[in-house]
Each structure stands twice: as structure tokens, then as C-alpha cells.
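See below for the structure under consideration.
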Number of protein chains: 2
Amino acid sequence: MENIRALFQVMTRRFGFLNKNCCGVSGYEISLTQSHILYEIDHQHQPSIQQVAETLGIDITTFSRQVQSLVKMNLVKKTPSVEDRRVMVLSLTTEGKYVATAVDKMMNSFLDEVFSYMTDFEKETVLRSIQLLNSCMAKSKMCCNPVGD
Amino acid sequence: MENIRALFQVMTRRFGFLNKNCCGVSGYEISLTQSHILYEIDHQHQPSIQQVAETLGIDITTFSRQVQSLVKMNLVKKTPSVEDRRVMVLSLTTEGKYVATAVDKMMNSFLDEVFSYMTDFEKETVLRSIQLLNSCMAKSKMCCNPVGD
DNA sequence: ACATATACTTGCAAAATGCAAATAAGAGAG
DNA sequence: CTCTCTTATTTGCATTTTGCAAGTATATGT
């Protein structure tokens with residue numbers, strides 16, 4: 001069996017390119033980091049600045065400024081939390097939701113093409129494998145988490 | 001089945017953290033990009049600046065400077081090619097090879113821990129799945145490649 | 001020999017990064 | 001209620017990274 005890390009390295013690089021290639025959709029052009037941020041805000045439930053920064057492993061001061069850019073681009077909205085006014089709740093604007101959805105569709109359609117080279121059974125196996133892998137990575141304490149927490 | 005992109009997004013983020021967490025080994029501290037560069041130089045056969053830059057999808061001018069840093073750190077050696085003196089052949093110094101190997105060992109030991117949460121059969125299935133995935137991504141023309149080539 | 005193409009480097013300005021410090025607001029002790 | 005401590009976010013600032021445009025050096029073709 002080939003070096004395990006090598007397998008991961010190739011896969012994640014390819015997926016990284018896919019992500020990168022889907023940063024320009026329907027007239028919008030965002031950075032890779034911004035794409036990740038939109039994705040996370042879309043998937044978390046009323047997340048705070050800190051929560052998203054931690055999920056992405058981005059320094060909070062850098063992240064704060066990234067959010068400012070996205071607000072200026074009218075893709076993200078910052079709302080002071082009602083329970084705790086120190087906290088900023090992040091959400092996507094209509095425009096931001098549109099972009100996030102467009103990116104998601106583009107990526108999934110590229111991924112569909114990739115999976116078209118497999119049988120349905122293989123596809124199922126691969127997807128189940130990734131799910132299993134994700135759950136095992138989640139179990140690991142030493143590995144696969146951002147530093148400094 | 002959960003959104004396919006979501007599965008990949010989680011997996012690659014976690015592997016990214018793993019990569020990041022293995023950037024400090026036995027007294028050396030390198031950046032994530034530098035780690036990727038060392039890895040590629042180690043795996044390709046006498047690669048040129050251009051080849052590695054293209055593999056990693058890094059702009060060649062940025063890459064040229066990254067290599068300069070690594071040369072200063074005495075991890076990488078640049079040798080003018082004998083056949084074509086415009087070309088710089090990249091190789092790891094003894095020190096660079098040592099660092100690359102240390103990173104690799106650290107990553108593989110963390111990955112071993114992740115796989116310890118699976119049965120041997122599951123592990124085999126997962127690894128085979130990733131191999132299959134990589135080969136299908138390689139087949140795809142539209143997806144998973146760096147832009148601008 | 002001269003024009004053209006290729007591999008790499010450098011100048012420069014813009015963007016991203018992260019530490020230290022500031023600001024603002026909740027929480028607990030008395 | 002006030003003082004102190006903690007927490008969430010922002011800002012100042014210096015450093016690093018990035019990528020386009022242009023430059024240098026070498027190869028290739030006519």
C-alpha cells in the first residue's frame with residue numbers, strides 16, 4: 001500500500017483546486033478564504049465571529065477583517081446578539097446566499113462528473129468511506145484540529 | 001445522502017489542520033506552504049521550479065521567492081540543469097530531507113491513530129476508496145486542476 | 001545572426017497575517 | 001450598586017505573502 005499521507009495529499013490538493021476553481025460564479029469573484037467563510041456561515045446556526053474563525057482555524061483578528069470585507073461586498077451581515085451584545089452573529093445576505101449556493105452547485109456538479117467515472121456501488125462505497133473517515137478524525141484528540149485551543 | 005461537497009469540505013479541512021500541526025518538527029518550524037514544497041520536491045524526480053510551482057498551483061513568481069527562502073534556510077538546493085541552463089533543478093539538502101521525513105513520519109503516525117478507530121477491513125476500504133477517487137479526479141478534465149494552464 | 005520563445009528573477013504595490021493593545025459588554029464579589 | 005475580572009470583537013502596526021509587469025539569461029528556429 002502506497003504511503004497513506006501521499007493519498008491524502010493528492011486528494012486534498014485536487015479538492016483544493018476544485019474549491020479554487022469555483023471562486024468565480026455568475027459575475028462574482030471571491031477569494032478561496034472568502035468561499036470557505038461563506039460556506040461556514042451558511043452551514044452553522046447563527047454563528048458568532050469567534051465560532052467561525054475557530055472552525056476555520058483562522059486567527060480571529062485576521063478573520064474579523066475578512067468579515068469586514070465580506071460585509072462591504074454585501075455578502076455577509078453582522079448582527080449584535082440580543083443575549084450578549086459583545087457577540088456578533090453572522091449571516092448571509094440574500095446576495096451572499098446566492099453566491100454560496102452558486103458555488104455549491106458548481107462544486108457539486110464538478111464532483112458529479114468525477115463520480116461519473118465510477119459505478120454506483122463504488123460511489124456509495126467512497127462516500128461512506130469519507131463519512132467514516134470524518135467520524136474517526138473527529139474522535140482523534142491529537143490530530144486534525146486547529147491549534148491553540 | 002448528505003451533500004457530497006460537505007463531506008469533502010470537512011475532510012480536507014481536517015487534513016489541512018493535520019498538515020498545519022505537523023509544521024513544527026524536531027526544532028524546525030516551517031510554514032504550511034513550505035511543507036507542501038518540501039513534500040513535492042521530495043516526491044518528484046529532479047523537478048524544475050516551474051514543475052513544482054505548477055503541481056502546487058502556486059504563481060511562479062511567488063514560488064521562486066519561496067524557494068529562495070528555503071535555500072536560505074538550507075533545506076533546498078537549486079542546481080542549474082546541465083541540458084538547459086535556464087532551468088533550475090530543485091532538490092532537498094540533507095537537512096531538508098531530514099525535515100521532510102520528520103514531517104512525513106509525524107503525519108503518518110497521526111493518521112495511524114485516526115485509522116485505529118476502524119477495523120482493518122474498513123481501513124482497507126477507505127484507502128482503496130481514496131485511491132479510486134484520486135484516479136477519477138485525474139480523469140476529469142474540468143475539475144480539480146490548477147487554473148491557467 | 002536575428003527574432004522569438006522559454007525559465008526564472010526582480011520591482012512594486014496590494015492584500016493578508018498576527019501580535020499587542022484598545023474597546024465594549026457580561027459576570028461575580030462585596 | 002460599584003469594582004474587578006473575563007470575554008468578544010476591533011484597531012494599530014509591522015511583517016510577510018501575493019501576483020502582475022517588466023527584466024535577464026538562455027535556448028530554438030529561420
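First the proteins, then the strands, lettered A, B, ... as listed; each starts at 1.
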B/Phe17 atom CZ, neighbour heavy-atom count above 12 within 6.0 Å: yes
Indicate every side-chain donor-acceptor pair of residues 66-74 of chain B with a distance under 3.5 Å to a residue at least two apart or in another chain.
{"residue": "B/Ser69", "atom": "OG", "partner": "B/Arg65", "partner atom": "O", "Å": "3.2"}
{"residue": "B/Asn74", "atom": "ND2", "partner": "B/Glu95", "partner atom": "OE1", "Å": "2.7"}

Test side chain to side chain donor-acceptor pair (under 3.5 Å) applied to A/Glu113 - qualifying residues, sequence neighbours left out: A/Tyr117, B/Ser140
Spacing of B/Leu18 atom CG and B/Phe110 atom CZ [to the nearest 0.5 Å]: 7.0 Å
B/Asn108 and A/Asn3, any side-chain heavy atoms less than 4.5 Å apart: yes
B/S/- contact track for nucleotides 23-30 of chain D, protein heavy atom under 4.0 Å: --BBS---
Within 6.0 angstrom of B/Lys78 NZ, more than 12 heavy atoms from elsewhere: yes
Residues forming a salt bridge (Lys or Arg N to Asp or Glu O under 4.0 Å) with A/Arg86, sequence neighbours excluded: A/Asp84
Between P of D/dT17 and CD1 of B/Ile60, the distance in whole Å: 18 Å
Of residues 64-73 of chain A, the positions that come close to DNA chain D - non-hydrogen atoms, cut-off under 4.0 Å: A/Ser64, A/Arg65, A/Gln68
Chain A contact limits on DNA chain C, taken 5' to 3' with a cut-off of 4.0 angstrom to heavy atoms: C/dT17 to C/dG26
Interatomic distance, A/Cys22 atom SG to A/Lys105 atom NZ [nearest 0.5 angstrom]: 13.5 Å
Results of salt bridge (Lys or Arg N to Asp or Glu O under 4.0 Å) for A/Glu40 - residues two or more places apart only: B/Arg13
Set of ring pair (Phe, Tyr, Trp, His ring centres under 6.0 Å) partners for A/Tyr39, sequence neighbours left out: A/His43
Atom pair distance, as rounded to whole Å: CG in A/Asp59 and P in D/dT10: 13 Å
A/Lys97: salt bridge (Lys or Arg N to Asp or Glu O under 4.0 Å) partners, not counting sequence neighbours: A/Asp42
Residues which pass ring pair (Phe, Tyr, Trp, His ring centres under 6.0 Å) with A/Phe115, listed by chain and number, not counting sequence neighbours: none
Residues touching DNA chain C, which here means a heavy atom under 4.0 Å, drawn from residues 12-21 of chain B: none
A/Lys78 side chain near D/dT10 phosphate (N/O to OP1/OP2, under 4.0 Å): yes
Value rounded to 0.5 Å, distance of CE in B/Met118 from CG in B/Leu127: 8.0 Å
Residue-level proximity of residues 24-51 of chain B to DNA chain D when a heavy atom falls under 4.0 Å: none
B/Ser129-A/Ser129 side chain donor-acceptor pair, cut-off 3.5 Å: yes
A/Ser64 side chain to A/Ile60 backbone, donor-acceptor under 3.5 Å: no
